[in-house]
Amino acid sequence: MSAPASVVTIGNLDGVHLGHQRLVGRAVGLAREHGLRAVALTFDPHPATLLRPERAPLLLQPIEERSALLRSHGIDHVEVVAFDRELAALEPDAFVTRILVERLGARHVVVGENFRYGRGAAGDVAALERAGSAAGFGVTRVGLVVAGGVPVSSTAVREAVASGEVERATTLLGRPFSLAGEVVAGDGRGRTIGVPTANVAYGAGLVLPADGVYAGHARVVGASGPEGPGAACVINVGHRPTFDGRTRTVEAHLLDVEPDLYGQRLSVTFEHRLRGEQRFDSAQALVERIRADVALARTRLSEGA
């Protein structure tokens, strides 16, 4: 059975940042205009994991979250292709025939101006346009998006997040950077000092904000994604040096609410960096600083509301 006729956009699409959103928006617009299916073609794992493992990046989000976010932007179907040796060995023409035409029923393809495909990245947009003319699909090339004075890319977002510049990440993503994971039991120390926290078990291979304290919002993740307006929170990323912690943790202290979150999946947004991680001489000194962090978080979040 042949695949439904589709408008396809292609890329790693990690983060679904403003550049990806422009690609998706163009693909969805064309699909709606012509009564076709809007498809996002992405890869798992990241191609660099296979081709350049020593340079493979930490990801901004797991594939499930990437897919859900693409659908929230109007994509009808997310095609996740396993990036393996067989796929990496496909010549550009074979990639077009097997993946775009036969597997996805492409009638139009939307790509970035620096898009490359096929074995050794031998295919470029010009080659795709020639292949499309022969195979019967059109090609739209989309220019780079610039935000905050820099070209938007997944690499730029990762660098912003890893350095703790979460406001810059928000500019590039078009929304705050978020991290989700199951709430698991920690050592309970936060509750003993009057500051209960949700210990978020983040996935392996994901980029984390630089160690420090952040203000953001927390939302329980349901079947269709994060739910509700979210509760304001203060998030600590790091090793808890006051208590000689050795494991890097992500802990969210929700303001004004104290729900039972154990076993639930929680998404936290990183909207403002409040300070770097510090070691305090006593638990009381830490509590006093946390109170100051909470007051600052309220101010920063209300300013951004």
Side-chain angles (χ1 to χ4, degrees), residues 1-17 19-20 23-24 26-27 30-31 36-71 73 75-142 153-155 157-158 203-207:
M1 185 172 65
S2 60
S6 305
V7 178
V8 182
T9 188
I10 314 170
N12 292 316
L13 305 175
D14 183 32
V16 193
H17 55 57
H20 298 146
L23 289 172
V24 167
R26 192 68 56 85
L30 286 167
L36 303 175
R37 183 178 66 154
V39 174
L41 170 61
T42 190
F43 307 98
D44 187 51
H46 190 288
T49 303
L50 179 71
L51 302 177
R52 299 180 301 278
E54 73 285 354
R55 297 173 57 189
L58 295 172
L59 298 180
L60 294 163
Q61 58 196 172
I63 189 65
E64 298 81 9
E65 290 180 21
R66 188 191 318 171
S67 299
L69 193 52
L70 288 166
R71 288 191 291 269
H73 282 280
I75 289 294
D76 299 310
H77 174 69
V78 179
E79 184 76 6
V80 180
V81 176
F83 196 90
D84 54 19
R85 294 290 179 187
E86 181 180 357
L87 184 68
L90 282 182
E91 297 294 340
D93 286 346
F95 178 86
V96 167
T97 299
R98 296 186 194 178
I99 306 298
L100 296 182
V101 176
E102 296 176 356
R103 183 164 172 169
L104 297 179
R107 296 293 182 271
H108 203 94
V109 178
V110 180
V111 293
E113 62 182 17
N114 57 357
F115 174 68
R116 309 288 300 199
Y117 67 103
R119 182 178 180 181
D124 57 11
V125 180
L128 184 64
E129 290 170 338
R130 292 192 296 271
S133 295
F137 63 79
V139 175
T140 293
R141 64 171 78 195
V142 176
S153 68
S154 296
T155 298
V157 178
R158 293 184 194 111
L206 297 178
V207 63

**Q** Over all heavy atoms of both residues, which pair between L41 and L13 is shortest? Give the atoms and the distance, please.
**A** O-CD1, 4.2 Å
**Q** Could you tell me the separation between the NE2 atom of H20 and the OG1 atom of T9, rounded to the nearest 0.5 Å?
**A** 8.5 Å
**Q** Identify the heavy atoms of L36 and R107 that sit nearest to each other, and give their distance.
**A** CD1-CB, 3.9 Å
**Q** Give me the atom names and distance for the closest heavy-atom approach of V101 to A135.
**A** CG2-CB, 4.0 Å
**Q** State, to 0.1 Å, how close V8 and A106 come at their nearest heavy-atom pair, and which atoms those are.
**A** CG2-CB, 4.0 Å
**Q** Could you tell me whether the side chain of V96 reaches within less than 4.5 Å of the side chain of L128, counting heavy atoms only?
**A** yes
**Q** Within a reach of under 6.0 Å around CG of D93, are more than 12 heavy atoms found that belong to other residues, nucleotides or ligands?
**A** no
**Q** Using the ring pair (Phe, Tyr, Trp, His ring centres under 6.0 Å) criterion, which residues pair with Y117? Sequence neighbours excluded.
**A** F95, F115
**Q** Using the test salt bridge (charged side-chain N to carboxylate O under 4.0 Å, His left out), find all partners of R37 that sit at least two apart in sequence or belong to another chain.
**A** none
**Q** So, using side-chain hydrogen bond (donor to acceptor under 3.5 Å, both in side chains) as the criterion, who are the partners of T42 when residues are at least two apart?
**A** R66
**Q** Run the side-chain donor-acceptor check on residues 45-53: report pairs under 3.5 Å with partners two or more places apart or on a different chain.
**A**
unit_1: H46; atom_1: ND1; unit_2: A48; atom_2: N; d: 3.0
unit_1: T49; atom_1: OG1; unit_2: H46; atom_2: O; d: 3.2

**Q** For residues 55-65, run the donor-acceptor check on the side chains, cut-off 3.5 Å, and write out each pair with its distance to 0.1 Å, sequence neighbours left out.
**A**
unit_1: Q61; atom_1: OE1; unit_2: G15; atom_2: N; d: 2.8
unit_1: E65; atom_1: OE2; unit_2: R265; atom_2: NH2; d: 3.1

**Q** Under the salt bridge (charged side-chain N to carboxylate O under 4.0 Å, His left out) rule, collect the residues that match up with D44, sequence neighbours excluded.
**A** none
**Q** Which residue pairs pass the ring pair (Phe, Tyr, Trp, His ring centres under 6.0 Å) test with at least one member in residues 49-68, sequence neighbours excluded?
**A** none
**Q** So which pairs with a foot in residues 78-91 pass salt bridge (Lys or Arg N to Asp or Glu O under 4.0 Å), sequence neighbours left out?
**A** E79-R103, E91-R119
**Q** Measure across P92 and A122 and return the closest heavy-atom pair with its distance rounded to 0.1 Å.
**A** CG-CB, 3.9 Å
**Q** Are any of the side-chain heavy atoms of S67 and V80 separated by less than 4.5 Å?
**A** yes
**Q** Going by the side-chain hydrogen bond (donor to acceptor under 3.5 Å, both in side chains) test, which pairs reach into residues 122-134, not counting sequence neighbours?
**A** E129-R141
**Q** Which residues pass the side-chain hydrogen bond (donor to acceptor under 3.5 Å, both in side chains) test with S153, sequence neighbours left out?
**A** none
**Q** State which residues pass side-chain contact (heavy atoms from CB on, under 4.5 Å) with I75; sequence neighbours excluded, sorted by chain then number.
**A** V24, V28, A38, A40, L70, V78
**Q** Return the minimal non-hydrogen interatomic distance between P4 and S6, and the atom names on each side.
**A** O-OG, 2.8 Å
**Q** Identify, with sequence neighbours excluded, every residue that meets side-chain contact (heavy atoms from CB on, under 4.5 Å) alongside A89.
**A** none
